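Numbers for residues simply follow the sequence, beginning at 1. The model shown is predicted, which means the values in this text are computed figures rather than measured ones.
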Amino acid sequence: MTQLLRVQNFTVSSDGFGAGEHQSLERPFGHADPAVLMAWAFATASFPNRTDPGGTRGLDDYFTRDFTHNIGAEIMGRNKFGPQRGPWQDHEWQGWWGEEPPFHTPVFVMTHYTRPSFTLSDTTFHFVDGEPAAALAQAREAAEGKDVRLGGGATTVREFLDADLVDTLHVAVSPVKLGSGVKLWDSPDELRDRFHLDVVPSPSGVTHYLFWRK
């Protein structure tokens, strides 16, 4: 059975940015407010980090509920893991997710400065220096037959798209405009040469773009 590389629940602004400028420890999304950019996901009953009962059902909840389905590993860029640049200065800091990261699988962090792997709860973080295809090969082996999630950020998603490694993408386009930051695309039409596309508007105000390889 083919193992898919899937982008899931990746949210961009209406002008195509996945994060803002000036990322810091206190502001993982830079000048973008994740509470606004990702409001559609946070409101759902199945959002992975929900700590209180309730939440919305329906289309948006379907996508957040699907986040972990048949996923055996994740790949992410270094800037999704943390704001540090260059050689690692602080191995004690272990990412933005606390002691219970939401991944529950091996995670492969793309970086030119490797560091030892470590485990938090049931998530093990590995730091890999290599081309996208090499990182995907490692993640597929760790996934043990399940699919691999490409978690972002936007630069990392573009790298894997440019290497023609992505099988499916779900991108939620938020009505908020950022003006600058880390861009996924100028237009989703850029991907139509390689992917089929369905566009599904949601009552929450976001529009879901569903791509699958031709």
Side-chain angles (χ1 to χ4, degrees), residues 7-44 47-52 55-56 60 63-64 67 74-98 100-103 107-113 115 120 125 127 132 149-162 166 169-191 199 201-209 211:
V7 177
Q8 295 178 277
N9 297 351
F10 192 81
T11 304
V12 301
S13 63
S14 61
D15 47 353
F17 294 99
E21 294 184 305
H22 311 301
Q23 183 192 52
S24 67
L25 183 64
E26 294 75 23
R27 296 192 66 88
F29 284 76
H31 77 278
D33 183 351
V36 175
L37 186 66
M38 299 187 63
W40 72 272
F42 295 162
T44 63
F47 182 68
N49 285 357
R50 173 170 289 282
T51 57
D52 57 315
T56 64
D60 293 343
F63 287 113
T64 57
F67 184 73
E74 164 141 346
I75 298 171
M76 68 173 63
R78 178 170 174 176
N79 294 352
K80 180 177 176 179
F81 176 82
Q84 301 178 55
R85 306 294 191 269
W88 297 94
Q89 301 296 325
D90 181 8
H91 285 199
E92 296 300 315
W93 192 79
Q94 297 181 320
W96 274 303
W97 301 280
E100 296 286 341
F103 308 106
V107 173
F108 294 83
V109 182
M110 304 284 289
T111 174
H112 295 301
Y113 299 91
R115 60 181 281 186
L120 292 172
F125 292 91
F127 299 85
R149 183 193 305 114
L150 181 58
T155 300
T156 299
V157 173
R158 287 300 324 189
E159 288 176 352
F160 279 78
L161 283 169
D162 291 345
V166 178
L169 300 87
H170 162 228
V171 180
V173 177
S174 167
V176 65
K177 188 173 183 178
L178 292 180
S180 62
V182 186
K183 179 166 279 193
L184 177 67
W185 58 38
D186 289 318
S187 167
D189 290 336
E190 297 169 12
L191 304 181
V199 181
S202 168
S204 66
V206 302
T207 302
H208 297 283
Y209 286 75
F211 301 85

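Minimum heavy-atom separation, Pro83 to Trp96: CD-CZ2, 3.4 Å. The two residues Ala35 and Asp33 have their closest heavy-atom pair at N-OD1, 2.9 Å. Between Arg78 and Gln84 the shortest heavy-atom distance is NE-O, 3.2 Å. Taking all atoms of both residues into account, the shortest heavy-atom contact from Asp15 to Gly179 is OD2-N, 2.7 Å. The shortest non-hydrogen separation linking Gly82 to Arg85 is O-NH1, 4.0 Å. Between Ser14 and Pro175 the shortest heavy-atom distance is OG-O, 3.8 Å.
Using a 4.5 Å heavy-atom threshold, the side chains of Val171 and Val157 count as separate.
Residues passing the side-chain contact (heavy atoms from CB on, under 4.5 Å) test with Arg27, sequence neighbours excluded: Ser24. With sequence neighbours left out, the side-chain contact (heavy atoms from CB on, under 4.5 Å) criterion links Asp52 to Arg50.
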Check: Going through the checks in order, is the side-chain contact (heavy atoms from CB on, under 4.5 Å) test met by Leu161 and Val7?
Finding: CA-CA 10 Å; Leu161 283 169; Val7 177; over 6 Å; no
Item checked: Step-by-step side-chain contact (heavy atoms from CB on, under 4.5 Å) determination, Phe125 to Arg115 -> CA-CA 10 Å; Phe125 292 91; Arg115 60 181 281 186; over 6 Å; no
Margin query: With side-chain contact (heavy atoms from CB on, under 4.5 Å) as the criterion, how do Arg158 and Trp185 come out once you've worked through the C-alpha distance, each side chain's angles and the decisive distance to 0.1 Å?
Written below: CA-CA 9 Å; Arg158 287 300 324 189; Trp185 58 38; 4.3 Å; yes
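The only option from Val173, Val12, Asp60 that meets the side-chain contact (heavy atoms from CB on, under 4.5 Å) definition with Val206 turns out to be Asp60. Residue Thr64 forms a side chain to side chain donor-acceptor pair (under 3.5 Å) with just one option from Thr44, Thr56, Asn9, and that option is Thr44.
Between Phe63 and His170, the ring-plane angle classifies as parallel under the 30° and 60° cut-offs. Ring pair Phe81/Trp97 is tilted by interplanar angle, where 30° to 60° counts as tilted. In this pair, Phe211 and Tyr209 present their aromatic rings parallel. The plane angle is below 30°, not in the 30 to 60° band.
We find the OG1-CG distance between Thr156 and Asn79 to be 7.5 Å, quoted to the nearest 0.5 Å. Between the CE atom in Met76 and the CG atom in Leu150 there is a gap of 10.0 Å [rounded to 0.5 Å].
For the residue pair Trp40 and Ser202, no side-chain donor N or O sits within less than 3.5 Å of a side-chain acceptor on the partner.
Within the cation-pi definition used here (under 6.0 Å to the ring centroid, within 45° of the axis), Arg149 qualifies as a partner of Phe67.
Listed for the His31 side chain is a donor-acceptor partner under 3.5 Å among the backbone atoms of Leu178.
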